[in-house]
Visitor: 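Before I ask anything, let me first share the structure, which is written out below as structure tokens.
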Amino acid sequence: MSAFGETGKKSMYEIKIKEKIEQITSLEDIKLTTPPPGFSGDLSSNAALAAGINPRKLAEALNELDEVEKTEIAGPGFINITLGKEALEEEIKEILSSPALYGGGTKKGKVLFEMVSSNPTGPLHIGHGRGAAIGDSLARIFEKLGYDVCREYYVNDTGNQMQLLGESVKCIQQGQEVPEDGYRGDYIKEIASGLRSSGDLSKAAGEKILRMHFETLKNFGVEYSSTVYESDFIRAKKVEDVIEKMKNKGLTLEKDGALWFKSSQFNDDADRVLVKNDGEFTYFASDCAYHSDKAQRADHLVNIWGADHHGYIERLRAFFKSFGYAEKKRLDIVLYQLVDLKRGNEKVSMSTRAGQFVTLDEVLDEVGKDAARFFMLMRSSDSPLEFDLELAKEESSKNPVYYVQYSHARICSIFRKKGISFEDVKPSDAQGLGDEEREIVKFLAHYPFLLQKCFQLDAPHLLTDYLRQSASTFHKYYDTVKVIGSEKERQRLALLKAVKEIIKDALGLIGVSAPERM
RNA sequence: GCGCCCGUAGCUCAGUGGACAGAGCGUCGGCCUCCGGAGCCGAAAGUCGAAGGUUCGACUCCUUCCGGGCGUACCA
């Protein structure tokens with residue numbers, strides 16, 4: 001059954017063709033491609049080759065579909081499919097009848113996203129922005145597909161770094177030198193001067209910094225539905241509980257005055273300390289409690305982590321296996337590589353020493369939310385990201401954000417010029433599309449499959465590429481065809497509305513606005 | 001040393017085994033009596049880091065090697 005089974009969008013031709021191929025070949029999750037230049041046809045399949053069956057047999061079966069006009073066998077057994085016009089028109093009607101639902105789904109399981117989760121000891125920097133952009137956009141895609149999504153912020157408000165924060169604030173307040181490995185920089189001075197010198201300074205400073213984090217993230221278009229504190233897990237004895245359970249399962253050992261989790265029995269390189277010989281819990285111990293808690297609350301967990309935490313993955317997975325969660329729950333850990341800031345050809349220093357780092361606030365102030373979010377998703381999370389502040393600000397077609405937003409504004413402008421609103425377009429207006437519209441319709445029809453791919457690969461960056469192609473496909477089409485005043489004005493306006501809706505939807509999924517004028 | 005990620009056009013990067021490897025930028029050359037030129041069209045540009053292997057078929061999977069980044073705490 002296709003991933004779209006629950007949506008009821010049965011008129012989508014790619015689904016019908018896929019299902020037919022899967023039925024004939026017994027293959028699962030086959031993919032359709034586009035024939036290479038020089039070959040005719042709209043879609044192409046290698047399924048006969050892959051399944052080792054006679055391509056003619058599959059081609060004949062496909063010919064029986066209403067959506068298929070004809071098929072051709074090419075090369076070693078590829079089948080090139082030409083779609084019927086009705087199938088293409090149906091697709092546009094589908095988009096127009098419920099734009100927001102196109103490619104979406106309903107009633108799926110609960111997914112819990114953990115993202116950013118920075119220590120409350122300093123401002124969020126540009127790297128956190130990448131994590132937030134990836135996590136929030138992926139969360140939006142999951143929501144669109146029908147999942148019940150929770151965005152959660154886990155606050156590491158215990159441990160050495162919090163004590164150091166308190167000490168740093170205290171030193172500043174008393175006009176003393178900040179400790180060697182303490183926190184400095186302008187932000188900490190501001191916080192110190194805004195706090196009373198009595199009470200729990202580390203707690204007060206941490207809360208203040210956390211509020212700053214949420215403020216920044218809100219400006220970045222990211223809103224959380226839940227915040228959890230490491231200190232609460234400790235206070236509520238949840239860390240003790242999980243360690244007790246580990247002991248009972250025979251998963252621990254004592255060595256050198258510390259308590260260890262036997263994670264090497266579950267594919268980790270080494271055993272890991274849970275309770276230090278001074279009696280304190282490690283970060284890992286509270287993380288086990290936290291992930292145990294998350295596993296009770298959701299079917300599918302997604303953690304967005306900076307690549308510098310990759311060494312942590314195996315021990316967490318080891319914990320998941322040892323508690324039997326691994327079989328029942330899906331745990332995705334999305335790692336993202338670092339961000340290199342540039343200004344034109346100049347590298348911007350990212351040293352964290354002495355508080356000299358580029359904060360997310362600074363980037364937002366300089367380039368704005370739309371450009372920042374778009375740029376953060378221009379690369380696969382596996383690749384380092386080169387972020388050019390100069391380009392992000394540029395108001396020209398060199399800047400992909402403007403290029404895409406412009407295509408949206410341009411379509412809005414055409415409707416203004418014609419003097420009608422988008423609501424005036426009816427799905428039935430798509431009736432009678434011509435061959436000139438073929439390419440662009442096929443491109444739009446692929447949107448739901450792109451969303452599936454984003455979902456399957458945890459790869460929201462595919463959307464930025466799709467958006468650039470959407471804009472380009474539209475501009476090319478619009479350059480060759482007359483819309484207002486043409487014989488096919490009604491059909492073409494309907495098509496433009498469909499393009500506009502898909503671009504708006506996709507921009508929304510990456511948290512970028514779709515302006516009607518620029 | 002070990003582990004993870006990366007190595008594809010001058011630059012930045014797409015490409016979850018299939019037909020001749022793609023895009024943006026940059027370079028060069030075209031297109032504004034015409035709905036937004038913030039646009040479009042064309043050209044030059046590649047031994048997909050190297051070598052083996054698996055396969056009817058490899059940028060993609062496996063092995064080894066060479067570069068670069070990041071980890072490798074009783075820190076978080």
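Any value given below was found using the heavy atoms of this structure, including those in side chains, with hydrogens, waters and symmetry copies removed. All chains are named by letter (A, B, ...) in the order of the sequence lines, taking the proteins before the strands, and each is independently numbered beginning at 1.
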Visitor: Tell me whether the guanidinium CZ or amine NZ of A:Lys500 lies under 6.0 angstrom from the six-membered ring centre of A:Phe422 and within 45° of its axis.
Guide: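 Verdict for A:Phe422: a cation-pi partner in A:Lys500.
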
Visitor: Extract from the structure each pairing of a protein N or O with an N or O of nucleotides 7-10 of chain B at less than 3.5 Å, listing the distance.
Guide:
none

Visitor: In dot-bracket notation, what is the pairing pattern of RNA chain B, taking Watson-Crick (N1-N3 plus N6-O4 or O6-N4) and G-U wobble (N1-O2 and O6-N3) contacts under 3.5 Å, with [ ] crossing and | for other strands?
Guide: (((((((..((((....[...)))).(((((.......))))).....(((((..]....))))))))))))....

Visitor: Mind checking A:Arg517 for me? I need base, sugar-phosphate or nothing, with any heavy atom below 4.0 Å counting as a touch.
Guide: base

Visitor: Can a donor-acceptor pair under 3.5 Å be found between the side-chain atoms of A:His309 and the base atoms of B:G71?
Guide: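 In this structure, the two groups form no donor-acceptor pair.
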
Visitor: With rounding to whole Å, what would you report as the distance between B:G52 and B:C66 at their C1' atoms?
Guide: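 My reading of the C1' atoms in B:G52 and B:C66 gives 15 Å.
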
Visitor: Would you say the side-chain atoms of A:Asn399 and A:Glu395 include a donor-acceptor pair closer than 3.5 Å?
Guide: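 Distance-only check fails for A:Asn399 and A:Glu395.
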
Visitor: In this structure, how many angstroms lie between the P atom of B:C5 and the CZ atom of A:Arg130, rounded?
Guide: 15 Å

Visitor: So A:Arg416, base contact, sugar-phosphate only, or nothing? Heavy-atom distance under 4.0 Å.
Guide: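 Answer is base: heavy atoms of A:Arg416 come under 4.0 Å of a base.
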
Visitor: Looking only at side chains, do A:His475 and A:Tyr406 share a donor and an acceptor under 3.5 Å apart?
Guide: no

Visitor: With sugar-phosphate meaning primed atoms plus P, OP1 and OP2, does A:Glu516 contact a base, only sugar-phosphate, or nothing at under 4.0 Å between heavy atoms?
Guide: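 Since a base atom lies under 4.0 Å of A:Glu516, the category is base.
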
Visitor: Go nucleotide by nucleotide along RNA chain B from the 5' end; which of A:Glu230 and A:Thr34 gets its closest nucleotide reached first?
Guide: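 Between the two, 5'-proximity favours A:Thr34.
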
Visitor: How is A:Asp287 classified with respect to the nucleic acid when contacts are heavy atoms under 4.0 Å: base, sugar-phosphate, or nothing?
Guide: nothing

Visitor: Examine B:C35: is either OP1 or OP2 under 4.0 Å from a nitrogen or oxygen in the side chain of A:Lys418? Give yes or no.
Guide: no

Visitor: Report, as yes or no, whether the 6.0 Å neighbourhood of atom CZ on A:Arg416 holds more than 12 heavy atoms from other residues, nucleotides or ligands.
Guide: yes

Visitor: I'd like to know if the side chain of A:Ser40 pairs up with that of A:Glu72 as donor and acceptor (distance under 3.5 Å, no hydrogens or angles considered).
Guide: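 Result is yes, a qualifying pair exists.
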
Visitor: Which value, rounded to the nearest 0.5 Å, describes the distance between A:Asp332 atom CG and A:Leu335 atom CG?
Guide: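 Rounded to the nearest 0.5 Å, the CG-CG separation comes to 11.0 Å.
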
Visitor: Are A:Lys31 and B:G17 close enough that a side-chain N or O sits under 4.0 Å from OP1 or OP2?
Guide: yes

Visitor: With heavy atoms under 4.0 Å as the rule, sort A:Ala459 into base, sugar-phosphate or nothing.
Guide: nothing

Visitor: On RNA chain B, check which nucleotide each of A:Val481 and A:Lys453 is closest to and give me the residue with the more 5' one.
Guide: A:Lys453

Visitor: When you check the phosphate oxygens OP1 and OP2 of B:C11, does a side-chain N or O of A:Lys342 lie under 4.0 Å from one of them?
Guide: no

Visitor: Please find out if less than 6.0 Å separates the ring center of A:Tyr466 from that of A:His446.
Guide: no

Visitor: Between B:G71 and B:U16, how many Å separate the two C1' atoms, rounded to a whole number?
Guide: 25 Å

Visitor: Hey, is B:C34 sitting syn or anti, using the within-90° cutoff around 0?
Guide: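 Anti, since the glycosidic angle lies more than 90° from 0.
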
Visitor: Here's a test for you: under ring-ring contact (aromatic ring centres under 6.0 Å, His included), which of A:Phe113, A:Phe214, A:Tyr154 qualifies with A:Tyr224?
Guide: A:Phe214

Visitor: Any stacking of A:Tyr403 on B:A38, going by centres under 5.5 angstrom and planes within less than 30 degrees?
Guide: no

Visitor: For the residue pair A:Asp370 / A:Gln405, report whether a side-chain donor-acceptor contact shorter than 3.5 Å exists.
Guide: yes

Visitor: Contact class for A:Asn119 vs. all strands (heavy atom < 4.0 Å): base, sugar-phosphate, or nothing?
Guide: sugar-phosphate

Visitor: Just to be sure I understand the rule, does A:Ala409 reach a base, reach only the sugar-phosphate, or reach nothing, if contact means heavy atoms closer than 4.0 Å?
Guide: base

Visitor: Please work out if A:Ser380 contacts a base, only the sugar-phosphate, or nothing of the nucleic acid, heavy-atom cut-off 4.0 Å.
Guide: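 It contacts sugar-phosphate atoms only.
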
Visitor: What is the separation between atom CZ on A:Arg317 and atom P on B:G3, rounded to the nearest whole Å?
Guide: 18 Å

Visitor: Looking only at the side chains, is there a donor atom on one of A:Gln161 and A:Tyr283 sitting less than 3.5 Å from an acceptor on the other?
Guide: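 Distance-only check fails for A:Gln161 and A:Tyr283.
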
Visitor: Check every strand shown and say whether A:Asn80 touches a base, only sugar-phosphate, or nothing at a heavy-atom separation below 4.0 Å.
Guide: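 It contacts base atoms.
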
Visitor: Side chains of A:Ser202 and A:Gln163: do they bring a donor and an acceptor to under 3.5 Å?
Guide: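 Per modelled atom types, A:Ser202 and A:Gln163 side chains form no pair under 3.5 Å.
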
Visitor: State whether the aromatic ring of A:His461 stacks on the base of B:A14, taking stacking to mean ring centres under 5.5 Å apart and ring planes under 30° to each other.
Guide: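 A stacking contact does not exist, since A:His461 is not both close and nearly parallel to the base ring of B:A14.
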
Visitor: Less than 3.5 Å between a donor and an acceptor, one on the side chain of A:Asp308 and one on the base of B:C70, is that the case here?
Guide: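 Between B:C70 and A:Asp308, which were checked side chain against base, a qualifying N/O pair under 3.5 Å is absent.
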
